[in-house]
Amino acid sequence: MSVTGSDLLGILAVGIVSVTALIAMLAGVFLKNSARLVMWLGLAGMAGAFAAAWGTYPSAGTAFGGMILAGGYASFFGMLILCAGILTFLLASDYLRKEGVEYPEFYVMVLFAVSGMMLMSAAADLIIVFLGLEIMSVSLYVLAGFMRRREKSIEASLKYFLLGAFATGFLLYGIALIYGTMGTTDLAGIALRFASAPPPSLFWVGAGLLLGGFAFKVGAVPFHMWVPDVYEGSPTPVSGIMSTGGKAAAFAAFLLVFVKSLGGGGAKVQTLLAIFAALSMVTGAVIAIAQKNLKRMLAYSSIAHAGYMLTGLAAANQLGESGVLYYLVAYTFMNIGTFGVISLIEQAEEKRLEFSDYAGLGLRQPFLGIVMSIFLFSLAGIPPLAGFFGKYYVFAAAVDAHMTWLAIVGVLASVVSVYYYLRVVVFMYFHEGPEGAEVISVPLLGSVALLLSAAGVVGIGVFPSSILSLTGWFF
Amino acid sequence: MERILFFVLAAVALVSGVLLVTRRNPVLSVIYLVVNFFALAGLYLLLSAQFIAAIQIIVYAGAIMVLFLFVIMLLNLGDEEKLAEHVNARRIAGVALAVALGVEIVAVFLVKAGSGLAVKSPAAAAIGTAEGVGRALFTRFLLPFEVTSLLLLAAIVGAILLAKKKMD
């Protein structure tokens, strides 16, 4: 096989990100004090990759002999992950300076993570799923421990690494068994065999292990133990991209394997996914109530959101699939936004991360108060913001798939979740701040990122069809 | 003959695997790991995967083991008390679940092994050679091969980043 122009065009977006990462790495080595330069370089690279993904979107197909998806689905997830990467860059530069760790390597690792996520979400072969996942995970292990003087950061890195390596082992063993029983790692080939004859039971052992690996990466119960400690200990912008880009990539591969290739996997897999979804929604929502630390609260809330998205997967119908994609876009904007506000308010040495630190903030700092309220209302699922429609689609899909009980559990969990999201708003607007509380100066890049996220949350909430028309023909 | 060899090698691999995790002395564990690796290499040979067998010995039994021994030396784990396990409810539950999963998988293998596992195909001998592996890597698996370099690079940069004494 020789590499053709259309092959290269197919991986253009992820190629641009990887090459940018290499250039950024070399710039970081050879130039002194190059953190800012590397950041702008990375932003330019990701903007270029975004344009490439947008340009190749209409020409859906595969490249490299059916190894990787090009255009369409891959472009959609590419653009979503690049959005997460760009917002993370904008928020990170001031955060890193505040914490005294502004080194170019941070941006290089984020670029590596982004290219891994893009590969994973474009996989047409289980090998690419695995490689993309590993590139993403290795970069995130390092980013979690980027603040090497902070004990919690090191703890987050180590916990994520040990548990993540274990989950990767599960995933790889699952892939091996699937290869052993189906004779191929090609997703299209697996789909053909799966449709033509019932697979042997060893295949199901493999599929189960694969399911466990994916559930770990999206942070769903019962594979969620790592989420709170890792999100709390990681640098705040890293928690942001971990919970959005990482989750989007894992769900993208999850959909490719279990929905596109195995057609939902049959009633048993759907029931299993529904149980995971229900457990995640309830566990996340209930434990989040008791949290005092905002990052930890968001970690439990992200477990609950993984549950909402799994609801769409469990339904395994067209509405559920586009619902999950819509949900991922909405979640990316609102969660990066929330972590962004937290990263601006946070002070060195992990100060100002508790609910009580937000007392009176809304009146003292109108801009931060308003964008934070938008993000939190959206996370709680209040119309007309994006979070509402995301939940609406996945719950409607569950009802369509005769899983009404799951939709009821979901609605109850979101009612509970309103309490802890709005509690922040109550603190911001209805509690007196301390006398002479310091007014935080909001940096320019950070406010651009917050404005973009807020515009995204409101925009796709008011015009949900803008996303649905992009994703409608994928399944 | 092949069958006898298989069972001998499998037995060696299993026994050394169990001994590896039950030894108190880390150096002994490492030695059992080497034995395990050699047995695995033998199993690969039986599957006509000569290239993988050679790589298994060169990379795992060679390079990785040296790394292990160095780490053990540098950590100076002479004090065995540090490695002593404490039994508690959580650990017992974990072991029970792991055993349950293992039993399930073994049961599936025993009950359904015939229906799922493909018999060794005659083409296997051609695929297992260095030539066959190389051909596959540079044709059908070209993209994964190139992407692996990205993974290794990210891992190297990350490792240096975490281990470096002073950032500047």
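Protein chains get the first letters and strands the later ones, always in sequence-line order, with residue 1 at the start of each.
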message: Heavy-atom cut-off 4.5 Å, strictly under: side chain, backbone, both or neither for Ile11(A) against chain B?
response: side chain
- prompt: Using non-hydrogen atoms only, which part of Val142(A) is less than 4.5 Å away from chain B: side chain, backbone, both, or neither?
  reply: both
Distance-only criterion, 3.5 Å: show the donor-acceptor pairs between side-chain atoms of residues 54-68 of chain B and protein atoms not counting sequence neighbours.
{"unit_1": "Gln56(B)", "atom_1": "NE2", "unit_2": "Phe37(B)", "atom_2": "O", "d": "3.4"}

Would you say that more than 12 heavy atoms from the other residues, nucleotides or ligands in this model lie under 6.0 Å from the [atom1] of [X], or not?
X: Ile92(B); atom1: CD1; value: yes
X: Phe130(A); atom1: CZ; value: yes
X: Arg135(B); atom1: CZ; value: no

- request: Indicate the atoms forming the closest heavy-atom contact of Arg140(B) with Gly65(A), along with that distance.
  value: NH1-O, 3.8 Å
query: Looking at Pro144(B) and Met67(A), what are the two nearest heavy atoms and their distance?
result: CG-SD, 3.6 Å
query: In residues 18-28 of chain A, which residues are in contact with chain B at a heavy-atom separation under 4.5 Å?
result: Ser18(A), Leu22(A), Met25(A)
field: Test item: Leu161(B) and Phe106(A) side chains (from C-beta on) under 4.5 Å apart, heavy atoms
entry: no
query: Any side-chain heavy atom of Phe170(A) sitting closer than 4.5 Å to one from Leu101(B)?
result: yes
- prompt: Looking at CG of Asp125(A) and CG of Leu143(B), how far apart are the two atoms once the value is rounded to the nearest 0.5 Å?
  reply: 9.5 Å
Would you list the atom pairs, donor with acceptor, under 3.5 Å between side chains in residues 117-124 of chain A and any protein atom, with sequence neighbours excluded?
{"unit_1": "Ser121(A)", "atom_1": "OG", "unit_2": "Met117(A)", "atom_2": "O", "d": "3.2"}
{"unit_1": "Ser121(A)", "atom_1": "OG", "unit_2": "Met118(A)", "atom_2": "O", "d": "3.0"}

field: Residues of residues 145-157 of chain B within contact distance of chain A, non-hydrogen under 4.5 Å
entry: Val147(B), Thr148(B), Leu150(B), Leu151(B), Leu153(B), Ala154(B), Ala155(B), Val157(B)
